[in-house]
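Beneath this line is the structure, given in structure tokens, with notes to follow.
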Amino acid sequence: IIIFFYTQRNYKRLLMLEKKHIGQSTQSIWGGEQEHELYERSTQVPVVHSVSFAYKDIDTWHKVALGEAEGHIYSRNTNPTVRAFEDKVKELEGAEAATSFSSGMAAISNTLATFLKPGDRIVSIKDSYGGTNVIFNEFLPPLNIDVSLCETGNYEQIESEIAKGCKVLYLETPTNPTIKITDIKRLSVAAKKVGALVVVDNTFATPINQSPLALGADITLHSASKYLGGHADALGGVICGNKDLVKKVYHYREINGATLAPMDAYNLLRGMKTLKLRVERQNESAMLIATFLENHPLVDQVNYPGLESHPAHEIAKEQMNGGYGGMLSFSVKGGLDSIKKFIPKLKYAHMAANLGCVETVVGPPLTTSHVECSAEERKAAGIPEGLVRYSTGIEDVADLIADLEQAFKEIS
């Protein structure tokens, strides 16, 4: 028995030492699930619904409460199921620490609230997700936080705004829904010169296709409801970074209460086991669909970084680990009137405000990413009303292309 437990302990240490060298599929399956003993020798992380956790003596309880000993006190703060999810994402992102939230927007808003105070300045791009854009334009200015939104891809303008003074540089790449690319490494260098914190929304790329921390970012975040979960059955968000920064955001979140629910954490864990398989399939299919659309007479423009015609293709090729993601968007001739006929004719696509799941999901920005914005605001952001956001699923790509072709006949 003694030899058995000694061997088990050293085997776990060996796994910890070699973790950085294992593949992403292995990390997706085993990450976050080996550091802690699972209940009654279960092979899957159990759902721990308990709100509180009991102790047999005050001293141990106090040490856990102070963070001096491992354990849990109250599920608003930490929870075993949630911890496993955070550890899995942390490993995939190559980070020291991670903390999770009740949604992707909670991850964004809690992070910004942690690091920005009245009088600070944030620099970002105009092509951010609509909800993020609302924070920049509506919520931060009344708090006396200066917001500078630059043209995505205009590096001289962005670097100039950073040089004027910047507490946080916030980037999203690829962007939602215009699928623009931002050079994380270049702008991280500019941000570090003024001591700015670099935050990158990595939702569209996923850790499979892009590693913002390795490119100079300080914090990377996800709407876990999208690709990480992959099955549109769990709501959540997560950030990763060095332990000191994550600890600050965790403290803000634990007090303000945007906590990830254990059942959602369980569903996200289950979904992440196939993350690399799903993303690789979506990468391949999206590339084929983008090529098909680029040559279609009823399509004005296709936005996909894997295409050589994409303005930032070379940057994407350099920073996206060879995979360009499952998200693309395209403009249809005839604008909004055309897509009102075209989209409902698709047989193998949900018309829904979601993305990144196993089923193909499609919709215009006016009902999805930028529903919070007016038509004028979308136009100012360079988002045409006839734009179609297309989240490629894992269906047979020949069926998806045939489905698009038959839908185009409705407007031909």
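Source: prediction; values computed, not measured. For reference, positions follow the sequence shown, starting with 1.
Taking CD of Gln282 as the start and CD1 of Ile289 as the end, the distance is 10.0 Å to the nearest 0.5 Å. Taking OG1 from Thr26 and NZ from Lys276, the interatomic distance works out to 8.5 Å, rounded to the nearest 0.5 Å. Ile158 CD1 to Leu169 CG: the interatomic distance, rounded to the nearest 0.5 Å, is 7.5 Å. To the nearest 0.5 Å, atoms OG (Ser75) and CZ (Phe53) are separated by 3.5 Å. Between the CE atom in Met272 and the CG atom in Leu228 there is a gap of 5.0 Å [rounded to 0.5 Å]. Residue Asp218 holds its CG atom at 12.0 Å from OG1 of Thr111, rounded to the nearest 0.5 Å.
Counting heavy atoms of neighbouring residues, nucleotides and ligands inside a 6.0 Å radius, atom CD of Glu308 does not exceed 12 of them. Under a cut-off of 6.0 angstrom, the local environment of OH in Tyr155 is crowded, with over 12 non-hydrogen atoms contributed by other residues, nucleotides or ligands. In the displayed structure, Gln406 atom CD is contacted under 6.0 Å by more than 12 heavy atoms of other residues, nucleotides or ligands. Annotation for His296: atom NE2 counts as buried by contact number, over 12 foreign heavy atoms lying within 6.0 Å. Surrounding NZ of Lys317 are at most 12 heavy atoms belonging to other residues, nucleotides or ligands under 6.0 Å away. Within 6.0 Å of the NZ atom in Lys248, the count of heavy atoms belonging to other residues, nucleotides or ligands does not exceed 12.
A side-chain donor from one of Thr152 and Asp127 sits under 3.5 Å from a side-chain acceptor of the other. Side-chain contact of Glu254 with Asn77: a donor-acceptor pair under 3.5 Å is present, judged by distance alone. Between the side chains of Asn256 and Asn110, no donor N or O sits under 3.5 Å from an acceptor N or O. In this structure, a donor-acceptor pair under 3.5 Å is absent between the side chains of Thr178 and Asn303. Between the side chains of Glu172 and Thr132, no donor-acceptor pair is found at a separation under 3.5 Å. Using modelled atom types and a 3.5 Å distance limit, the side chains of Arg83 and His72 yield a donor-acceptor pair.
Across Thr360, Leu346, Ile394, a single residue satisfies side-chain contact (heavy atoms from CB on, under 4.5 Å) together with Leu400, and that is Thr360. Here the rule is side-chain contact (heavy atoms from CB on, under 4.5 Å) with Ile125, and of Leu149, Thr175, Leu187 only Thr175 fits it.
The ring pair (Phe, Tyr, Trp, His ring centres under 6.0 Å) analysis of residues 73-123, with sequence neighbours excluded, yields no pairs.
Panel note: side chain Ser329, backbone Pro177; a donor-acceptor pair is recorded below 3.5 Å. Judged purely by atom type and a 3.5 angstrom limit, Asn202 has no side-chain atom pairing as donor or acceptor with the backbone of Ala205.
Annotation: side chain to side chain contact (heavy atoms under 4.5 Å, CB included) contacts of Ser391 (sequence neighbours excluded): Tyr227, Met327, Leu355, Val361.
Residues Tyr55 and His62 keep their aromatic ring centres 6.0 Å or farther apart.
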Pair Glu318-Arg186, salt bridge (charged side-chain N to carboxylate O under 4.0 Å, His left out): steps then yes or no
CA-CA 12 Å; Glu318 178 70 23; Arg186 174 174 175 173; over 6 Å; no
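By the 30° and 60° cut-offs, the orientation of the rings of Phe330 relative to Tyr390 is tilted.
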